[in-house]
Amino acid sequence: MRFAAIADIHGNHLALEAVLTDIRAEGIEDIVNLGDFFSGPLEAGRTADLLMPLGLTSVRGNHDRYLIEQDPASMHASDASAHRQLTSSHLDWIRSLPFNTVYRGEVYLCHATPKDDNLYWLESVSADGVVFLKPIEAIEALAEGIDLPLILCGHSHLPRAVRLSDGRLIVNPGSVGCPAYDDDRPYYHKIEAGHPLAGYAILEKTEAGWTWQFRNVAYDHMAMSALAAERGRGDWESALAAGWVR
């Protein structure tokens with residue numbers, strides 16, 4: 001079994017197009033999608049029109065949930081921008097998606113963690129804003145009850161793989177369309193890839209077990225950076241231009 005995992009597109013249709021082209025060039029037909037499809041000051045509607053017809057096995061992310069649960073008047077700027085571009089059909093598609101699912105009987109999919117779509121699974125944040133790998137005991141505690149060899153999550157936008165003590169593998173494929181951001185929960189911190197490329201992962205089942213490959217793909221990121229600037233989002237402008245929040 002060989003397939004691709006994508007996550008955290010955040011309305012960046014150019015990054016998604018580039019990733020899909022790269023996946024096809026690798027000879028891969030099956031893709032799973034780990035949520036946060038549209039939120040951001042970019043092209044939510046165009047992303048939805050590209051993504052939905054693909055019929056990918058998908059789970060809903062925290063920002064996808066905000067788009068269908070919150071009053072648009074009270075949404076964060078990124079969610080509000082996306083919501084204005086989405087049709088009722090787009091929103092109904094989000095509503096149809098599960099919180100988590102199992103792919104091909106042996107791969108667990110969720111956006112963040114099995115019980116909380118707004119919690120980093122593999123990372124912690126210190127009170128002074130440092131993002132670091134969680135202790136293995138904390139990672140394993142969140143995986144309790146998931147008796148599957150491969151677990152996929154997104155949310156932190158950081159490509160990372162962790163092998164649990166019992167051999168299970170957890171992989172975060174990184175972000176397709178948002179290489180950097182800042183957040184104030186649980187403490188103010190920044191997630192920064194340090195580059196503007198789109199990211200995803202290839203997973204393959206071999207005789208030795210599951211393996212992974214992180215891939216980065218170039219695209220016209222400066223066009224997306226310019227769009228963010230045009231829409232008054234300097235944080236996204238710098239993130240998309242260079243992979244840093246400035």
Side-chain angles (χ1 to χ4, degrees), residues 1-13 15-39 47-48 50-64 93-94 97-114 117 119-123 139 142-143 146 148-164 167-179 191 193 195 197-206 208-219:
M1 190 193 310
R2 186 169 184 255
F3 67 96
I6 63 174
D8 296 287
I9 304 165
H10 285 282
N12 191 333
H13 75 293
L16 177 59
E17 287 175 348
V19 162
L20 293 174
T21 298
D22 194 71
I23 291 170
R24 294 187 191 106
E26 288 292 310
I28 297 173
E29 297 182 358
D30 294 335
I31 306 170
V32 301
N33 185 6
L34 304 176
D36 276 8
F37 319 114
F38 308 129
S39 179
T47 301
L50 175 61
L51 186 63
M52 289 170 54
L54 299 177
L56 307 183
T57 297
S58 302
V59 293
R60 193 170 62 222
N62 59 309
H63 282 282
D64 307 315
W93 178 74
I94 296 173
L97 298 177
F99 175 89
N100 57 10
T101 193
V102 175
Y103 175 68
R104 292 195 172 187
E106 58 181 305
V107 185
Y108 178 86
L109 311 181
C110 69
H111 176 67
T113 68
D117 65 7
L119 174 69
Y120 297 148
W121 194 330
L122 304 180
E123 296 84 17
I139 294 172
L142 293 171
I146 302 175
L148 295 167
L150 179 61
I151 297 168
L152 301 182
C153 65
H155 189 53
S156 73
H157 298 206
L158 295 173
R160 195 188 292 276
V162 173
R163 183 82 67 182
L164 304 185
R168 286 176 297 168
L169 177 67
I170 304 180
V171 176
N172 183 328
S175 175
V176 169
C178 181
I191 298 288
H195 65 76
L197 303 184
Y200 77 99
I202 296 173
L203 293 309
E204 184 171 6
K205 185 179 181 180
T206 71
W210 283 98
T211 63
W212 68 94
Q213 178 189 1
F214 295 125
R215 291 185 63 83
N216 292 112
V217 184
Y219 72 101

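One is the number of the first residue; the rest follow in order along the sequence. Everything numeric here is computed off the predicted structure, so don't read it as measured data.
Counting only heavy atoms from C-beta outward, the side chains of Leu152 and Leu203 approach each other to under 4.5 Å. The shortest distance between side-chain heavy atoms of Val32 and Thr101 does not fall below 4.5 Å. Here the side chains of Ile9 and Val19 are not in contact, with every heavy-atom distance at 4.5 Å or above. Taking the side chain as every heavy atom from C-beta outward, Arg2 and Ile28 approach each other to under 4.5 Å. Using a 4.5 Å cut-off on side-chain heavy atoms (C-beta onward), Trp121 and Val162 make no contact. The shortest side-chain heavy-atom distance between Val217 and Thr21 does not fall under the 4.5 Å cut-off. Side-chain contact between Leu158 and Leu122 is absent, with no heavy-atom pair separated by less than 4.5 Å.
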Could you give the side-chain donor-acceptor pairs of residues 168-176 under 3.5 Å, partners two or more places apart or in another chain?
unit_1: Arg168; atom_1: NE; unit_2: Asp166; atom_2: OD1; d: 3.2
unit_1: Arg168; atom_1: NE; unit_2: Asp166; atom_2: OD2; d: 2.9
unit_1: Arg168; atom_1: NH1; unit_2: Ala143; atom_2: O; d: 2.9
unit_1: Arg168; atom_1: NH1; unit_2: Ile146; atom_2: O; d: 2.6
unit_1: Arg168; atom_1: NH2; unit_2: Asp166; atom_2: OD2; d: 3.1
unit_1: Asn172; atom_1: OD1; unit_2: Gly174; atom_2: N; d: 2.9
unit_1: Asn172; atom_1: ND2; unit_2: Gly154; atom_2: O; d: 3.0
unit_1: Asn172; atom_1: ND2; unit_2: Ser156; atom_2: OG; d: 3.1
unit_1: Ser175; atom_1: OG; unit_2: Asp8; atom_2: O; d: 2.8
unit_1: Ser175; atom_1: OG; unit_2: Gly177; atom_2: N; d: 3.3
unit_1: Ser175; atom_1: OG; unit_2: Cys178; atom_2: N; d: 2.9
unit_1: Ser175; atom_1: OG; unit_2: Cys178; atom_2: O; d: 3.2

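Ring pair His155/Tyr120 is tilted by interplanar angle, where 30° to 60° counts as tilted. Note on ring orientation: taking the six-membered ring where Trp is involved, the planes of His157 and His10 are tilted (angle from 30° to 60°). Taking the six-membered ring where tryptophan is involved, the planes of Trp93 and Phe37 are tilted, since the angle between them lies from 30° to 60°.
What you find for His13 and Leu50 is that their closest heavy atoms are O-CD2, 4.0 Å.
Counting only distance, with no hydrogens or angles, the side chain of Asn62 and the backbone of Asp36 share no donor-acceptor pair below 3.5 Å.
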